[in-house]
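Letters A, B, ... are given to chains in the order of the sequence lines, protein chains preceding strands, and every chain is numbered from 1.
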Amino acid sequence: MSKTPQAIRGTQDIFGPDAEAFAFVVETFERVRKLYRFRRVEMPVFEKTEVFSRAIGETTDVVSKEMYSFEDRGGDSLTLRPEFTAGIARAYLSNGWQQHAPLKVATHGPLFRYERPQKGRYRQFHQIDAEIIGAVEPQADVELLAMADQLLKELGIANERGGVTLHLNTLGDGDSREAWRAALVEHFRAVKHELSEDSQERLEKNPLRILDSKDRRDQRFVADAPKIDQFLSDDARAFFDAVTSGLDAAGVKWTRAESLVRGLDYYRHTAFEFIPDEGSEAAGKLGSQSTILGGGRYDGLMESLGGAPTPAVGWAAGIERLAMLVGDRIEPNADVIVVVENDDLIDHAIAAIAKIRAGGHSAELMATGSPRKRFDKAVKAGADKIVAFDMRDGTEHVRFKADDKATASLEKLLG
RNA sequence: GCGAUCGUAGCUCAGUUGGUUAGAGCGCCGGUUUGUGGUACCGGAGGUCGGGGGUUCGAGACCCCUCGAUCGCCCCA
């Protein structure tokens, strides 16, 4: 044990039904993203550290204590991407993708965050991601959310009766958000010493987060805390109303979550999370990592990277979490298994399986172990069709286990 | 980063208050049986009991450290 290397903490080797579930999530995402005409993009896995620190915010937990940062041989500080949005924004600016605005893009791949591993939480994890860049209209938010909603339905995680619900909030525009934030600080500062230790710290760094604290001591003061609605400008309110009426028109069910905030600094206006319903099977499977898809509008992000003000909205979802919810997917059986019951006929079998595969059928060769047990192994493996090569009375004997029609077509294929 | 539980063959687990050569089922390999079939029986390989140190005449069982997993907190997807 001490001699063989172990996998890095928080990384995983995915195999079998888990790998099938993972692939199912990605394939479904690819299909749905095309339905909504999102274009595929690929991003580097690492960027200059400043891409993330400037975009996400120095004080956020992600930047301040969860990034895999290192100096390369040229002395530059680089970071393994902890999320997609910052890198996509950087690509948008450095490649002049403004010419394609409004631009709908989608991607998926590994992300890295130095966190304590837990169920549904890994140090290398994978997300699917969708963004609409350069669209000020609330219709962009609606389209993006409609895609998320359809994806979850096609994965079988959500259905018409529920299972997963869209929790929706608005953080208002920059000014609304700042005014709300100031009011919250004032509200909570008055009772600072009655708050949890965590929240006393959050008061200075990230007061919005106090709102979704799970600590009872905090929740007493959350109920009568100032609401964002009191600080919303007319424009911000009109924007949110347009989003909600658009969602209703699109048939996307949602619920208002006044205390939903997001952890990253760049969010404005729409913020949302898809969360399994309380007590549902999905909620049980996920444990405390309950958000399966989250995102929002980030109209301020491009400026933080030195670009022109550019409205944008996007979401990401954890593939591992989605895979847990779709359940084990069985690996498909081979269409045909070719059994070699006499080793003298191995080349005949190889010739046959080559023809079968060239004909577009998946096929497995069963030619190891005790010859007498190979047929049983093929039956056990669960193939629809079996072709067995054996010697009978000194001559080659080919047997088919399949219905008449399949046998006929196999015989034709093998000539 | 904090707290709790756990870690025995490829997999699922058993191993009594610490006491002789560490077990079972499944899987794998081989043999016999059956012979249009997922049968039955027999045999075999495979473990320095996550790793390191300690207590003891003696440790898989107790103590310490370490690594990892799981469950909360935190954070987030």
[X] near the nucleic acid: base, sugar-phosphate alone, or nothing, with a heavy-atom cut-off under 4.0 Å?
X	result
Lys377(A)	sugar-phosphate
Arg202(A)	sugar-phosphate
Arg209(A)	sugar-phosphate
Phe274(A)	nothing
Glu66(A)	sugar-phosphate
Gly295(A)	nothing

Could you tell me if the ring centre of Phe22(A) sits under 6.0 Å from that of His126(A)?
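Yes.
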
So, His269(A) versus Phe239(A), ring centres under 6.0 angstrom or not?
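Between His269(A) and Phe239(A), the centre distance is under 6.0 Å.
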
Pick the [atom1] atom in [N] and in [M], then give their distance to the nearest Å.
N	M	atom1	result
G54(B)	C49(B)	P	16 Å
G68(B)	G23(B)	P	32 Å
A24(B)	G15(B)	C1'	11 Å
G50(B)	A45(B)	P	23 Å
U20(B)	G58(B)	C1'	11 Å
C11(B)	C74(B)	C1'	35 Å

Any N/O pairs under 3.5 Å between the protein and nucleotides 66-68 of chain B? List them or say none.
residue: C67(B); atom: O2'; partner: Gln6(A); partner atom: OE1; Å: 3.0

Residue Arg399(A), side-chain atoms from C-beta onward, closest of A77(B), U36(B), C29(B):
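Within the option list, the nearest is U36(B).
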
Nearest to the side chain of Gln118(A), heavy atoms from C-beta on, is which of C74(B), U70(B), G27(B)?
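Among the listed nucleotides, the one closest to the side chain of Gln118(A) is C74(B).
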
Nucleotide A77(B), atom P - distance to NE2 of His108(A) in whole Å:
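In whole Å, A77(B) P lies 19 Å from His108(A) NE2.
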
For the residue pair Tyr36(A) / Gln150(A), report whether a side-chain donor-acceptor contact shorter than 3.5 Å exists.
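The criterion, which ignores hydrogens and geometry beyond distance, is satisfied for Tyr36(A) and Gln150(A).
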
Side chains of Trp315(A) and Leu144(A): does their closest heavy-atom pair fall under 4.5 Å?
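Contact flag for Trp315(A)/Leu144(A) side chains = yes.
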
Quick one: the side chain of Lys373(A) and the base of G31(B), do they pair up donor-acceptor inside 3.5 Å?
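In this structure, the two groups form a donor-acceptor pair.
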
